[in-house]
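Basis for what follows: all heavy atoms, side chains included, without hydrogens, waters or symmetry-related copies. For this chain, numbers begin at 1 and follow the sequence in order.
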Amino acid sequence: MPRFRLLLVGFVLVACAKPESSSQTPNAQGGRDTALSQPDRRLLTAATIALPPEGLVAESLPEPASRGAQLLRAYCTQCHALPSPATHAPQDWPSVARRMWVRIDMMHGELGVASPTAADRTQLLNYLLAHALRVAESIPPGPGRDVFEERCSRCHTLPDPRSHSPSDWPAVVMRMERNMERMKVSGVTPGQAQQIITYLGMASRR
């Protein structure tokens, strides 16, 4: 099997596997299967890291009965967990969607991945844009603002502090910490996390 085809099939297997699966599985002697070369294992690991860290249940999507939500469930969950439209800001979704179209088109056909029509792609992107992350037009001053700007902008556009209530921000920050760990991005210290939570709690009341 050509190397490109082997890597492509490997990507699909990892992307569609359950989170606990691994590119190396225990063999009968309790060791690890080393059938894949080191470059191939690195590629599969990178594919796993690049997938959405957490998924939603269908009922949690905005307007879950809409055509856009149906398209999101039908096409995006072929390879990974159901993403939230608020994962990315409006200015980021077009490039993310284009990247996904390329991957879907590569895996369409014999690998069994369905590819959306041009009309479906437009409708899906419009749905994602309509429910994207609310971006902060301005960041109010306050203790912890610098930490919030520096740490949170490493992965995405800064959200509007009013996107969540003061009581919801601690859970949101904890989820972002888990995502950063999974994505192998340098995270925050407990002290920095508390500064961010305190700042967002204050800023979300304005």
Side-chain angles (χ1 to χ4, degrees), residues 7-25 40-109 111-117 120-134 152 154-157 159 163-164 168-188:
L7 297 181
L8 184 56
V9 171
F11 173 84
V12 176
L13 291 176
V14 171
C16 298
K18 294 180 179 180
E20 64 269 22
S21 62
S22 170
S23 60
Q24 298 183 32
T25 56
D40 289 347
R41 293 199 302 274
R42 287 175 179 170
L43 178 61
L44 297 182
T45 300
T48 303
I49 292 171
L51 297 176
E54 297 182 0
L56 298 179
V57 296
E59 295 74 17
S60 298
L61 287 174
E63 302 180 14
S66 66
R67 177 62 176 165
Q70 293 172 4
L71 293 172
L72 187 67
R73 293 196 299 271
Y75 292 110
C76 300
T77 60
Q78 295 182 105
C79 295
H80 54 69
L82 183 63
S84 167
T87 301
H88 299 289
Q91 58 265 47
D92 296 330
W93 266 123
S95 61
V96 172
R98 283 194 297 271
R99 189 166 67 245
M100 295 301 103
W101 303 150
V102 170
R103 293 180 181 180
I104 283 179
D105 290 341
M106 288 175 62
M107 295 185 287
H108 178 59
L111 294 176
V113 176
S115 180
T117 64
D120 282 346
R121 296 182 189 206
T122 298
Q123 191 159 10
L124 176 53
L125 180 57
N126 287 339
Y127 171 78
L128 293 170
L129 294 175
H131 302 287
L133 177 72
R134 285 176 56 189
C152 299
R154 303 184 71 188
C155 296
H156 52 71
T157 305
S163 298
H164 298 285
D168 289 338
W169 270 119
V172 174
V173 172
M174 289 178 63
R175 185 171 71 247
M176 293 302 101
E177 288 184 274
R178 292 195 300 271
N179 291 350
M180 292 175 75
E181 180 179 353
R182 188 178 186 277
M183 300 292 286
K184 309 300 182 184
V185 176
S186 177
V188 297

**Message:** Applying salt bridge (charged side-chain N to carboxylate O under 4.0 Å, His left out), can you list everything that pairs with Asp105, at least two apart in sequence or on another chain?
**Reply:**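 Listed in chain order: Arg121.
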
Using side-chain heavy atoms (C-beta onward) and a distance below 4.5 Å, is [X] in contact with [Y]?
X	Y	value
Leu129	Pro94	yes
Cys79	Met107	yes
Pro116	Leu71	no
Leu61	Tyr127	yes
Met180	Glu177	no
Thr77	Leu72	no
His88	Leu133	no

Going from [atom1] on [X] to [atom2] on [Y], what distance comes out if it is rounded to the nearest 0.5 angstrom?
X	Y	atom1	atom2	result
Cys76	Leu124	SG	CG	5.5 Å
Trp169	Met174	CH2	CE	14.5 Å
Gln70	Asp120	CD	CG	10.5 Å
Ser66	Gln123	OG	CD	8.0 Å
Thr87	His131	OG1	NE2	13.5 Å
Trp101	Met106	CH2	CE	16.0 Å

**Message:** If you compare all heavy atoms of Ser84 against all heavy atoms of Trp93, which two are closest, and at what distance to 0.1 Å?
**Reply:**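 Heavy atoms only, the tightest pair is O-CZ2, 3.7 Å.
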
**Asked** Can you list the residues that meet the side chain to side chain donor-acceptor pair (under 3.5 Å) rule with Arg154, with sequence neighbours excluded?
**Response** none

**Prompt:** Quick one: side chain to side chain donor-acceptor pair (under 3.5 Å) partners of Arg98, sequence neighbours excluded?
**Reply:**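 Arg98 satisfies side chain to side chain donor-acceptor pair (under 3.5 Å) with no residue once adjacent residues are dropped.
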
**Item:** Asp168 (side chain) donor-acceptor with His164 (main chain) under 3.5 angstrom
**Value:** no

What residues, two or more places apart in sequence or in another chain, satisfy side-chain contact (heavy atoms from CB on, under 4.5 Å) together with [X]?
X	answer
Ala114	Tyr75, Gln78
Pro64	none
Gln91	Ala89, Val135, Thr157

